[in-house]
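What you are looking at is a predicted structure, and each value in this text was computed from that prediction instead of being measured. Reminder, nothing fancy here: chain letters follow the sequence lines and each chain counts from 1. As a basis for the values below, the full set of heavy atoms in this structure was taken, side chains included, without hydrogen atoms, waters or symmetry mates.
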Amino acid sequence: MSPSSTDTIDATRHARRRRVIDALLLAALRCAAGVSAAVVLVIAWFVAAEAWPGLRDVGVTRLLTDDAWRPTAGRYGMAPMLIGTLAATFGAVLLTAPLGVGSAVFLRFYAPRRVASVYRRVVELLAGVPSVVFGLWGIAVLAPLIATVSPLGQGQSLLAGVLILTMMTLPTVALTTDAAIAAVPADTRRGAAALGLSRRAIAWRVVIPAARAGIVTGVILQTGRALGETMAVLMVCGNIVQTPHSVFDPVRTLTANIALEMGYADDRHRAVLFVSGLVLMLLVAGLVLIAEAIDRRRVHVT
Amino acid sequence: MPDSPTHPAPLRISELTVRYGQTTAVADVSLDIPAGAITAIVGPSGCGKSSLLAALNRMTDLIPTAVVTGHVRVGDTDVYDVRTDVVALRRRVGMIFQRPNPFAMSVRRNVTLALREHGVSDRAILDAITERALRDVGLWDEVRDRLDRPATTLSGGQQQRLCIARAIALEPDVLLMDEPCSALDPIAAETVERHIASLRGRYTVVLVTHNLAQARRLADHTAVMWLHDGAGRIIEHGPTAAVFDTPTHDLTARYVRGLQG
Amino acid sequence: MSHTPTTRTMTPGKPGAMSRAATLDVAAALFAWGCAAIVTAAFAWLLIDVAWRGVGGLSWSFLVDEPSDAGRAGGVGPVVLSTLLILAVCMAVSVPLGLGAAALLAEFTRGDTRFARLVRRSLDVLAGVPSIVFGLFGNAFFCLALGMGYSILSGGLTLACMVLPILIRVTEQGMRDVPDAQRHAAAALGLSRTTTLLRVTLPAAMPALAVGLVLGVGRALAETAALIFTSGYVTRTPASLLDSGRSLSVHIYDLAMNVPGGETHASAAALLLIAVLLAINLLTNWITRRTHPGWH
């Protein structure tokens, strides 16, 4: 009684069946991967197709230079909203980068073991809070607070948007920085310590520079996240279409605009909203590809 | 074994070369390995022993940059013939690795997984084969009560013997062993070595080792590999006693003397 | 014993330089602790605030009742049901696709084939696409082009596109983390690729698959912008997948923004959502920690 005493015909049949199963499996997996990759193309295609009438009939120049956003009256000036989006994103990145990197340095260099594990948990949880909850908190707490110091006497503003976006992007910047620091070889750190460098010098002069590429990649990806964030910004920014002159001015971002008007927009108006969606998508795709290029270079250098 | 189900097959290697990208690991090796004997391949580390061994059951297929030229015959089968079914080949040519690599599943499953894959489904037969394979490596008495515990809870030496049992459960014709004792502590290594010796006659065993004493204790035949012009070559081979006592090659003589001094 | 003065071979640097370095050290420490304090405080503030406002509204009847008076009164029963249905559609589509794609990338493509690179790059871009753009796409594709209208099906499929990248990335990484020795052992035993995948690699990568799944669920539950224009606003109990249904997150948004006096119920719903996400997070941690032993 032995498994190898099966005759050769049986073995051949067995081998053939096995090869067929392998081929079928591989085909199925290829399909799954193909469909997954195709999703992004289908999205790009559909958004672009819906945006096309807007680009054709209105044109980029008018979208940028029309003096007002009154889609029902044929005026499609989106520049203030583009500026609002960029201002909110830029402000958030300006705050989130130092705070996020500082958090990671705290985790890796200053926090006692216990504190570090608790703090890492806090940051992970913060990363999972839904944007609509940030928005809710922004309306209920942050905006009234800003209203007390604002010269305009109201809280829904660019500043509120910047602060909320900072809170939303900070955890991920902290976590990616933490991971980038962890990826720096322990020898580098030991070598620096052996030279008698202080904790501060090891962190900021040796380890952070060594982890630079990973940190920058994380910040860039979160910039994309801030650009595309909708709900929280929609809830706290005030949504008035204007070019902001101070951080207390209410603004409307491109994303908020889509969320506010998609419900009733039709024809050209709808197409123009898709144009703004297309712009957002291209901006973010660009950022992702830049981040990837940095990431790849890092792999090649080390 | 009264009803030995295996048919140890000879290996015939001719003009075998293994390249990884630009570098040549094994150059132009021709070697006949007799059936049913234990043949050791010895040599300093990095001389291409493991690459040579991996080429014998086409594990080199798993390395994207590896290119193999030349011929290997296992019995009547041409290993590198395009018509050769590599999966069936590997079933006939078992392999033991340097580090024990049991699957993260129960002891029993480790032995039966491949058997089931090859069409054995009768529980009684599976149990019988499992017991016989585990007895052959002296593991049965140690694990009979915990066949359903994870294999990763075994000690290193036990894991390695389980890996040997797993391979011989398939009743292969040839067993390739890549430094099977070098990751184990001395006592576990001794046990594994003893059980390898007991496989003599039932399987054609090719044993790669840098432990000359082990080769001398275990092997019927010994081949010495040396790094020559950046690539591994066989510089001498023959019966173990001859290679160790009356080496013909200068390098072999010095290498073997290093053993004593 | 008389006091013997010790001679130092190394003289300390200029006193000014030393104190400057020391000042910087203190400043750096303050900065690091300060960052941590700010982040922790903000987080605590947010959580405690939402919990404090919402906890009064939470009750069994809140979970099961129909909303009334535009959500100011009543509960979130139908909303919870819609949320679960959207989630079910999303996972039913994305899990098999994601698993397949991850298995292909991790097991069947040697490093860097062109196809693998294309798939990876596409997924990276997909992961960055803003959720409102998913909403636009879902509206144009599922609702209009495929004629599904504002429905749970449209919303779930839109979310499926959205969670695919994270699902694939985590799963692929989990499979890659399975030691190569396992694959070599399988190959040396003459196991077919199918058997190796189904019996060796997948089981070994199970914890990572679970984490990926849980993260995907979390992402889908938190999503709002992609759902407003795909699954819609309707608060009725859905009768089929082709009915419109409001997700919990959309409900929170609507109550907070469009319904004066809806804050209490918005906070209660937010608390519910956070509690579920927290539970999911703990579950992920538990899975990862529990499955640490294994190799080595």
Side-chain angles (χ1 to χ4, degrees), chain A residues 18 21-22 25-26 28-30 32-33 35-37 39-40 42-43 46-47 50 99 102-103 105-106 109-110 119 122-126 128-133 135-137 139-141 167 170 198 200 204 221 224 227-228 230-231 235 255 258-259 262 274 277 280-281 284-285 287-288 292, chain C residues 21 24-25 28-29 31-33 35-36 38-40 42-43 46 49-50 53 96-97 100-101 103-105 108 118-119 122-126 128-133 136-137 140-141 161 164 168 192-194 218 222 224-225 228-229 249 252-253 256-257 263 266-267 270 273-274 277-278 281:
Chain A
R18 197 189 56 226
I21 292 177
D22 272 4
L25 177 82
L26 189 57
L29 297 186
R30 282 227 175 89
V35 169
S36 305
V39 166
V40 75
V42 175
I43 290 178
F46 261 81
V47 174
E50 295 270 341
L99 281 173
S103 286
V105 167
F106 171 76
F109 291 93
Y110 288 92
Y119 185 64
V122 166
V123 172
E124 280 169 10
L125 287 177
L126 196 52
V129 173
S131 59
V132 68
V133 174
L136 180 65
W137 183 74
I139 292 183
V141 177
M167 283 179 73
L170 191 146
S198 73
R200 184 242 334 149
W204 294 100
L221 289 178
L227 270 180
T230 309
M231 300 317 293
M235 291 164 87
T255 50
I258 297 173
M262 251 306 274
F274 270 85
L280 285 169
M281 187 168 170
V284 171
L287 287 174
V288 168
E292 226 180 44
Chain C
L24 277 178
D25 285 349
F31 176 69
W33 282 92
C35 285
I38 290 174
V39 173
T40 312
F43 179 66
L46 184 141
D49 195 85
V50 171
R53 280 165 207 265
L97 272 182
L104 185 90
L105 290 176
F108 290 87
L118 182 78
V119 171
S122 306
L123 289 172
D124 283 348
V125 172
L126 194 62
V129 170
S131 54
I132 188 78
V133 175
L136 285 178
F137 160 73
F141 186 65
C161 300
L164 255 185
I168 294 175
S192 69
R193 297 174 106 185
T194 309
T224 314
I228 298 180
F229 304 114
S249 52
I252 297 168
Y253 160 69
M257 280 293 277
E263 288 88 358
S267 296
L273 185 57
I274 289 184
L277 290 171
L278 208 69
N281 189 300

Residue [X] versus chain A: region with a heavy atom under 4.5 Å:
X        : value
C/Asp124 : both
C/Phe229 : side chain
C/Leu277 : side chain
C/Phe43  : both
C/Val50  : side chain
C/Leu136 : both
C/Leu164 : side chain
C/Ile132 : both
C/Leu123 : side chain
C/Asn281 : side chain

Out of curiosity, [X] [atom1] to [Y] [atom2], how far, rounded to the nearest 0.5 Å?
X        : Y        : atom1 : atom2 : result
A/Leu29  : C/Phe108 : CG    : CZ    : 5.5 Å
A/Leu170 : C/Cys35  : CG    : SG    : 8.0 Å
C/Phe31  : A/Ser103 : CZ    : OG    : 8.0 Å

| field | A/Tyr110 versus chain C, the contacting section by heavy-atom distance below 4.5 Å | value |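 Contact with chain C: backbone and side chain both.
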| query | Which region of A/Val40, side chain (C-beta onward) or backbone (N, CA, C, O), has a non-hydrogen atom less than 4.5 Å from a non-hydrogen atom of chain C, or is it both or neither? | reply |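 It is both, since atoms from each part get that close.
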Heavy-atom distance under 4.5 Å between the side chains of [X] and [Y], does that happen here?
X        : Y        : result
A/Ile21  : C/Ser192 : no
C/Ile228 : A/Met231 : yes
A/Leu25  : C/Arg193 : no
C/Thr194 : A/Leu26  : no
C/Thr224 : A/Pro130 : no

| message | I'd like to check the side chain to side chain donor-acceptor pair (under 3.5 Å) partners of C/Ser131; sequence neighbours left out, ordered by chain and number. | response |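 C/Ser131 satisfies side chain to side chain donor-acceptor pair (under 3.5 Å) with C/Glu223 only.
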